[in-house]
Amino acid sequence: MAKKKDRGTPEVNAGSMADIAFLLLIFFLVTTTIDTDKGIAIRLPPMPEPDQPENNIKLKERNVLKVLVNAADQLLVDGKPLSIKELKKTAKEFIDNPMKDPTKAESPLKAVISLKNDRGTSYNLYIQVHNELKAAYNELREAKAQNDYGKSLEKLPEAQQEEIRNYYRQVISEAEPEDLGGN
């Protein structure tokens with residue numbers, strides 16, 4: 001009987017393993033999507049030309065709703081404390097002015113909401129204030145669509161949607177945050 005020689009374990013050719021790993025890495029990089037934080041979508045006005053003089057637009061006091069959020073997260077509207085739950089209703093009344101109150105906006109086309117925050121304002125309250133102000137405009141637009149056309153705003157043709165959006169233009173002027181203090 002002949003004895004078998006022990007040959008040991010066979011070696012695996014690892015020369016192409018690096019190529020395969022590289023191809024897999026490229027495949028995953030190409031097919032994977034990375035979510036990025038979107039932030040708040042705000043359309044900014046165009047930058048003025050360097051040689052263009054600043055336009056000092058004079059607004060009537062009654063056409064400006066002043067919304068202030070201080071470092072203690074207190075909401076003040078025209079200098080008076082207000083809860084976040086009341087902000088949307090107050091903004092709608094100011095913008096639309098159904099009772100023709102001489103202390104509120106002359107018309108929705110002239111209404112401006114001036115928003116000012118303290119540097120110490122919490123991000124959560126900042127977002128809540130923005131959401132309430134946007135909701136006020138959205139509700140006014142929806143009510144006008146129902147009243148004028150008997151349909152939801154999103155079901156109207158684009159031209160009619162644009163007409164309503166132009167009537168209730170969302171004009172929120174946001175000032176640079178300052179250290180206003182808690183009171």
Side-chain angles (χ1 to χ4, degrees), residues 28-50 52 54-98 101 103-146 152-154 158 161-162 164-183:
F28 285 114
L29 286 174
V30 170
T31 59
T32 303
T33 58
I34 299 172
D35 291 334
T36 57
D37 292 337
K38 301 232 180 196
I40 300 173
I42 297 176
R43 185 173 34 159
L44 299 174
M47 289 288 289
E49 297 295 325
Q52 178 183 357
E54 288 188 29
N55 292 334
N56 291 330
I57 299 172
K58 302 289 185 206
L59 297 172
K60 287 185 181 178
E61 190 73 24
R62 74 176 276 189
N63 291 327
V64 180
L65 180 69
K66 295 179 188 120
V67 178
L68 171 71
V69 184
N70 65 18
D73 279 354
Q74 294 171 321
L75 178 63
L76 303 167
V77 176
D78 286 336
K80 298 175 188 135
L82 192 73
S83 75
I84 192 74
K85 294 176 184 174
E86 300 172 66
L87 181 59
K88 179 171 49 173
K89 179 180 176 237
T90 303
K92 284 170 58 175
E93 288 173 0
F94 171 79
I95 296 163
D96 209 25
N97 195 3
D101 184 340
T103 63
K104 294 182 177 145
E106 293 173 295
S107 79
L109 295 170
K110 294 182 179 182
V112 175
I113 297 177
S114 173
L115 177 59
K116 192 166 195 173
N117 296 288
D118 187 278
R119 291 191 195 283
T121 300
S122 72
Y123 187 71
N124 184 34
L125 186 61
Y126 173 78
I127 295 298
Q128 286 180 30
V129 168
H130 261 276
N131 286 344
E132 291 300 309
L133 294 174
K134 285 181 181 180
Y137 277 102
N138 290 338
E139 285 184 14
L140 287 169
R141 290 171 178 164
E142 187 63 33
K144 184 161 178 62
Q146 290 291 343
S152 174
L153 181 67
E154 64 185 31
E158 189 62 38
Q161 287 183 24
E162 195 63 31
I164 291 173
R165 281 192 211 105
N166 285 335
Y167 185 75
Y168 287 115
R169 285 183 307 209
Q170 184 172 307
V171 183
I172 301 173
S173 170
E174 193 164 349
E176 186 71 27
E178 294 179 7
D179 290 322
L180 302 169
N183 297 338

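Count residues from 1 along the sequence.
Under the salt bridge (Lys or Arg N to Asp or Glu O under 4.0 Å) criterion, Glu86 pairs with no residue, sequence neighbours left out. Looking at residues two or more places apart in sequence or on another chain, you find a side chain to side chain contact (heavy atoms under 4.5 Å, CB included) between Ser114 and Val64. Under the salt bridge (Lys or Arg N to Asp or Glu O under 4.0 Å) criterion, Arg165 pairs with Glu158, Glu162, not counting sequence neighbours. Applying the side chain to side chain contact (heavy atoms under 4.5 Å, CB included) test to Asp78 and every residue at least two apart in sequence or in another chain returns Leu65, Lys66. Qualifying side chain to side chain contact (heavy atoms under 4.5 Å, CB included) partners for Ser122, counting only residues two or more places apart in sequence or in other chains: Asp73, Asn124, Leu125. Checked against side chain to side chain donor-acceptor pair (under 3.5 Å), Thr32 has no partners two or more places apart in sequence or in another chain. Not counting sequence neighbours, Lys104 has no partner by the side chain to side chain donor-acceptor pair (under 3.5 Å) test. Evaluation of the salt bridge (Lys or Arg N to Asp or Glu O under 4.0 Å) rule for Lys60 yields Glu106 as partners, not counting sequence neighbours. With sequence neighbours excluded, the residues that form a side chain to side chain donor-acceptor pair (under 3.5 Å) with Asp101 are Thr103. Considering only residues two or more places apart in sequence or on other chains, Tyr168 meets the side chain to side chain donor-acceptor pair (under 3.5 Å) condition with Asp96.
Of all non-hydrogen atoms in Phe94 and Ala111, the two that sit nearest each other are CE2-CB, 3.9 Å.
Here CG of Leu68 is found 7.5 Å from CG of Asn117. Values are rounded to the nearest 0.5 Å. Here the CG-CD distance, from Asn138 to Gln170, works out to 7.0 Å after rounding to the nearest 0.5 Å. To the nearest 0.5 Å, the span separating CG on Asn166 from CD on Gln161 amounts to 12.0 Å. Residue Leu153 holds its CG atom at 11.5 Å from CG of Leu140, rounded to the nearest 0.5 Å.
Within the 4.5 Å cutoff, no side-chain heavy atoms of Leu87 are placed close to those of Gln128.
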